[in-house]
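To keep things clear, I will list the structure first and then write my remarks on it.
For the numbers below, each heavy atom of this structure counts, side chains included, while hydrogens, waters and symmetry mates do not. Whatever order the structure lists them in is the order used to number ligands and atoms, beginning at 1.
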Amino acid sequence: MGLLERSDAYWKFLGQCTQCGHCVDACSSLTSANMTLGEIARALLAHERAAGSREDLAARILGDGALMQAVRGCFFCTSCKNTCFAHNDVCDLIYNARVDFQSLGLIERGAWSSVMVDQEWDIFTAYRAIHGIGFADLVRHAESEGHAAETDCAVAFFPGCSLAAYGPDLTREIFATMEELGGKTTLIDHCCGSPLKSAGFFERAEALCDRIADEVALSGAREIVCVCPGCANAMRSTLGRRGLDVAVTLLPAFLTAHGFTGKRALPEGTLCLSKSCQDRDGRYLEETCRALGVEADASTACGACGATGATPGTLGAADGAPGAITIFNGCCGAGGAVSAFDPNRQASQADSKLSFAPDGSTVVTMCPTCTYTYAFRLMSEPRDVANKHYTELLFENQLDWDTVFAQLGGMWSGEYGPWLAQVFA
Ligand code: SF4
Ligand code: SF4
C-alpha cells in the first residue's frame, strides 16, 4: 500500500473525469477551492507522489488550502453529480478522501468526538440519558432486565438518532400507530452511522449498519420502516449487501399503504417542502407528498432555485389544505459535518435554503436532522417562517426546539458538564 489508503479510488475517478468543470459551477465549495472533482483526485495523488512519509504527506495536504476546502467543505449533496455528464460518484470520492484525511490526522478530534454513534456515548445517547429519555419497553427484540428478547415482530421502526432523542413523545406516537396498522413492532433506536462516514470512519459506519441488520433479523421483522431518507438508504444498502430479505420502507409510504389518516389539519399558508439530498431520485419526496395529501408537479419547476410547484390536496379528513406548495432541493447545511470545518458555510447554506420560503410559510423537512438545522438557524436568525418535520404534520405530538436547545446547552454547564467534557474530550 502507498501512503494513501484509498489511492485506487482516486485513480479510478481521475480516469473518468474530463475536467469539463461543470461540477465547479454547481458548488460554492468547489468554486471557492477552484477545483473540479477530478482535480481533488489529482491533487491527492500528486501530494502522495511528492511526499517522503505519511507525516510529510499530511503536512503537504494540510498546506493545500484548496484541497482541504474541497474535501471538508462537501455536504455530500450530489448537486455536482447532477451536472456531470459521466455521473461521476462524488460521494465515493469524498468519502474515500475523508478516510485518508482521518487516518492522516487531518480531521481534528473535536469535529467528531461527540458523534461516535457506534460507542456507548454520543451526543444523542448522552442527551437521552441526562434527560431521562428511554425506550426499553419498545425495543422488544433486545433482552433487558425482566424482559426476554422477542423474535416474532412484524415490523421494525427506525426513527433515527435525532428524532429518538429530540422527539421522544412523537417517536412513541408513531410507534403506537405503526403497531396499530402493521402489527407487532419493535424499535431500532440507533443512528444509521452517517456522522461516522462524514468523519472518515466509513468501515465503522458499515459495521454499525451490520449490527442493526442483525437486530432486525433477530426480531423476525420482514420490514424496516425509516423516518429519514438517509437511514432508509443506509439500511437498503446494508440489507442488500447482507442478502437479508427485509423490505425497507419510508414512513410516509408505510402510512399510505395502511390507509393512515393524518391526525391534524395542514398549516395555513404556503408549504415549502425541503427535499432531502439523500433522496436522489425524488422517490421519497413523492411518497411524502402522497402521505401529506399533496401532489408534486414538476412542470412548474423554478429554474432559479430548483423549486418545484405542487398541487395542494387534502390530508385525510383535514380541512386546512394549504394555498400553495413549493418544493426545493439542496442540502440544509448539515451534510458532511461541514459545520465542524466551516460553521459559516453551514449557516449560509441554511440561510440560502430558508430564503426560498416566503413570510408566513411553513418549511417542511424530510430528515429530522434538517429540521434540527433549520430550527437552530431560525433561533439565531429569526424569520417569519414555521419549521416542521413531515411527521409533525401527520401526528399530534410536535418537536419543541426551544426546550431541546435549552436542554442541550444546559448539559454542558450543569452537573453533567464535567462528565461530558471528559467523555467527549
Ligand atoms: S462535471 Fe464530472 S467530468 Fe466534469 S469536471 Fe466534474 S467530475 Fe469531472
Ligand atoms: S456533493 Fe455537494 S457540496 Fe459536495 S462537491 Fe458536490 S455540490 Fe459540492
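- Tyr374 and Ser274 form a side-chain donor-acceptor contact under 3.5 Å, judged by distance and modelled atom types alone.
- A distance below 6.0 Å separates the ring centres of Phe405 and Tyr372.
- Aromatic rings from Phe395 and Tyr390 are positioned such that their centres are separated by 6.0 Å or more.
- In terms of protein heavy-atom proximity, atom 8 (Fe) of ligand 2 is closest to Cys27 SG, 2.3 Å.
- With a 4.5 Å cut-off on side-chain heavy atoms, Leu399 and Val404 do not count as touching.
- Residues Phe135 and Arg128 are in side-chain contact: their nearest non-hydrogen atoms beyond the backbone lie under 4.5 Å apart.
- Heavy-atom distances between Arg345 and ligand 2 reach below 4.0 Å in at least one pair.
- Counted within 6.0 Å of CD on Glu108, heavy atoms from surrounding residues, nucleotides or ligands total more than 12; the atom is thus considered enclosed.
- Residue Thr78 has at least one heavy-atom neighbour below 4.0 Å for each of these atoms of ligand 2: 1 (S), 2 (Fe).
- Taking a 6.0 Å sphere around CD of Gln119, one finds it holds more than 12 heavy atoms contributed by other residues, nucleotides or ligands.
- Around atom 2 (Fe) of ligand 1, protein N, O or S atoms at a distance under 2.8 Å total 1; waters are neither shown nor counted.
- Cation-pi geometry between Arg172 and Phe175 is not met at under 6.0 angstrom from the ring centre and within 45 degrees of the axis.
- Heavy atoms from both the backbone and the side chain of Cys77 come within less than 4.0 Å of ligand 2.
- Atoms of ligand 1 found under 4.0 Å from any heavy atom of Gly21 (numbered from 1 in listed order, with element): 4 (Fe), 5 (S).
- Between the side chain of Arg345 and the backbone N or O of Val338, no donor-acceptor pair lies under 3.5 Å.
- Counting protein heavy atoms only, atom 4 (Fe) of ligand 2 is closest to Cys74 SG, 2.4 Å.
- Here the protein heavy atom with the shortest distance to atom 3 (S) of ligand 2 is Phe75 N, 3.2 Å.
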